[in-house]
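Inspection log for the structure reproduced underneath, given as structure tokens.
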Amino acid sequence: MISVYPPSETPKLVRKYTNLGEDVFITARDFFHRNKDIRHHKVVVYNGDKVACCLGFQKNKPVNWEDAEANPMVQMHLSNFWEYSADDEGLDYSYVDRFALFVYSELEEYSYHTARIIRRHNPSATIAFLDKNARLFFGEGDGVLVAESEEALFAARPELKDLRTLRVHPEIRWNVQGVFTNDVPSYLVMTSLYWVRREFYYGPLNPNKTFYLIKQPVKENGLTALINNVIGTKQMIRALRPDFIPVVDLGIAGDPNQFAGTSGEDVWSMFFEQLSDHTLAEVYNSQHVVLDQSSNLNMNPRFTEFVFSNQRAELNYGDDLQYNEAVRTHTDAVLGKVFPAEAGRVLAVVVRGTDYNAARVANYVPHGLTAEETLAKAAEYVREGNFDHVYLCTEDASYLDLFLKSELADKLIYVDQERIDYGREENDEKLLLEIFARDRSNPYARTLDYIAVLEGLTKCQALLANVSCGAVTYALNRGTNYEFVDVGQIQSGLNG
């Protein structure tokens, strides 16, 4: 991003200069693009024969991410906007069209450009800057307001208070809440407009097709979050740009995750079929590939809203989710041994424990019914609903033991998967991923079993869960036609 500096910072040796009245930011941008080794220098902007200001380059990185400079997951998604102009067409205005007033706290490259193209697209939109430098770049005929503060702006124009307002600041921050409170970085506004044009040429194939490459770091995400992110992105792309062909590659070198470690192996292909009939090898040799920018810092607000709202929990996977042959074979073999040939009526019971036992995440994960309360409910449902079996889904060894010692023991069926014993001292206050990493268990085999567990939920007639979690989301998003679904409510105060 290019920032504005006062005339007092004019360098003794002027490497590049431009004049007010020209497209000064694009001139500076092109200079810094061509001259990577001298991006620490400033471009001098003249107004006549006097220096009006200087323009300096700053690397795009989040100000509240400590290792942003060295973190490949961050840098992948924080590229510079090296190509844009005031005449650009084919942008996505669906996000900025929500707002009638845009209040920019600072005049810089992205605020200057987005203000101009928003005004061009929607002349009725009101643009305001709380930065006196805006007067250098906008004249009276540009329809841009300049005020010392937001209070001064509304005092002079009280009618603006009633407009839906987007507040825009220059700092790139990891702050999901800002998207929901309409207080965002200018980089995010640029991304909301230009994501459709983030196109790369990888080779000569498919000149008449455009691929949307979902290439996201997996990070700490579990299987159901991974599925929801990918399938949700595909369905959003299909709705926004049906001409794009979604493909997925979840392989990023240095991305530590529970499935592939840091190997950079494509996690999606380990378990799932590709999203389209085109292979990754073909896509990486095609002419038009739009690179996904929806993960990590979630710099596209549309996708941020999806990931951090109920939209992700209300997907319908449909035919978009297809396991590969190895997974299907394993799942059929496992569940063939778990479910009797004549299973009759089966009640699915999900008892989540694991991570939320750790005090350090207690305020961030849901707490529902206890295992004992869930057991009592399950027994009641079995009696009243005349269920023949109870299919237990839990990764906590103590919860399995609890059910095996209960009145439901003779009706209990479950997958023999790797479970955690939180009664062991070395597991106290540890997260599930930390335990798996420490014990060096086989992540591929463990995930195969977990998929079988999840698919088992879809074979049941009713669902009881102690809390909403990934397994519950998966079962519902799979479109399972349950007689009833009973999910425990979050206990009052535990997450406040």
Subject >> Which atom of Gln258 lies closest to which atom of Pro443, heavy atoms considered >> reply: O-CB, 3.0 Å
**OP:** Indicate the atoms forming the closest heavy-atom contact of Thr480 with Cys460, along with that distance.
**Re:** CG2-O, 4.3 Å
Original post:
Do Tyr112 and Tyr104 make the cut of ring centroids closer than 6.0 angstrom?
Top reply: no
Original post:
Regarding Arg345 and the six-membered ring of Phe387, is the cationic atom NZ or CZ under 6.0 Å from the ring centre and inside 45° of its axis?
Top reply: yes
**OP:** Decide if atom CG of Asp277 counts as having more than 12 heavy atoms of other residues, nucleotides or ligands within a radius under 6.0 Å.
**Re:** no
Original post:
Donor-acceptor pair, Asn60 side chain versus Met1 backbone, under 3.5 Å?
Top reply: yes
**OP:** Please determine if Arg328 and Glu273 form a salt bridge, counting it only when a charged side-chain N lies under 4.0 Å from a carboxylate O.
**Re:** yes
Original post:
Does OH in Tyr414 sit with more than 12 non-hydrogen atoms of other residues, nucleotides or ligands closer than 6.0 Å?
Top reply: no
Subject >> For Thr374 against Val350, the heavy-atom pair lying closest together >> reply: CG2-O, 4.5 Å
Original post:
Are the ring centres of His113 and Tyr84 closer than 6.0 Å?
Top reply: yes
**OP:** Anything under 30° is parallel, anything over 60° is perpendicular, the rest tilted; go ahead and classify Phe102 against Phe99.
**Re:** perpendicular
**OP:** Taking all non-hydrogen atoms of both residues into account, name the closest pair between Leu369 and Glu373 and its distance.
**Re:** CA-OE1, 3.4 Å
**OP:** Please assess Tyr381 against Phe484 for the test ring pair (Phe, Tyr, Trp, His ring centres under 6.0 Å), listing each intermediate value before the final yes or no.
**Re:** CA-CA 11 Å; Tyr381 279 134; Phe484 66 83; 4.7 Å; yes
Subject >> Check: Met190 main-chain N/O paired with Trp195 side-chain donor or acceptor under 3.5 Å >> reply: no
**OP:** Please lay out, stage by stage, how Ser94 and Asp92 fare under the test side-chain hydrogen bond (donor to acceptor under 3.5 Å, both in side chains).
**Re:** CA-CA 6 Å; Ser94 59; Asp92 180 7; 2.7 Å; yes
**OP:** Kindly indicate, with the supporting measurements, whether the criterion ring pair (Phe, Tyr, Trp, His ring centres under 6.0 Å) is fulfilled by Phe81 and Tyr187.
**Re:** CA-CA 9 Å; Phe81 291 92; Tyr187 186 94; 5.3 Å; yes
Original post:
More than 12 heavy atoms of other residues, nucleotides or ligands under 6.0 Å from CD of Glu83: is that the case?
Top reply: no
**OP:** Apply ring pair (Phe, Tyr, Trp, His ring centres under 6.0 Å) to His33 and list each qualifying residue two or more places apart in sequence or on a separate chain.
**Re:** Trp82
**OP:** Under the side-chain hydrogen bond (donor to acceptor under 3.5 Å, both in side chains) rule, what do Gln216 and Asn229 come out as? Steps first, then yes or no, please.
**Re:** CA-CA 9 Å; Gln216 308 172 353; Asn229 285 345; 4.5 Å; no
Original post:
So, Arg238 and Asp320, do they make that salt bridge, N to O below 4.0 Å?
Top reply: yes
**OP:** Under the salt bridge (Lys or Arg N to Asp or Glu O under 4.0 Å) rule, what do Arg167 and Asp183 come out as? Steps first, then yes or no, please.
**Re:** CA-CA 5 Å; Arg167 292 171 173 83; Asp183 185 358; over 6 Å; no
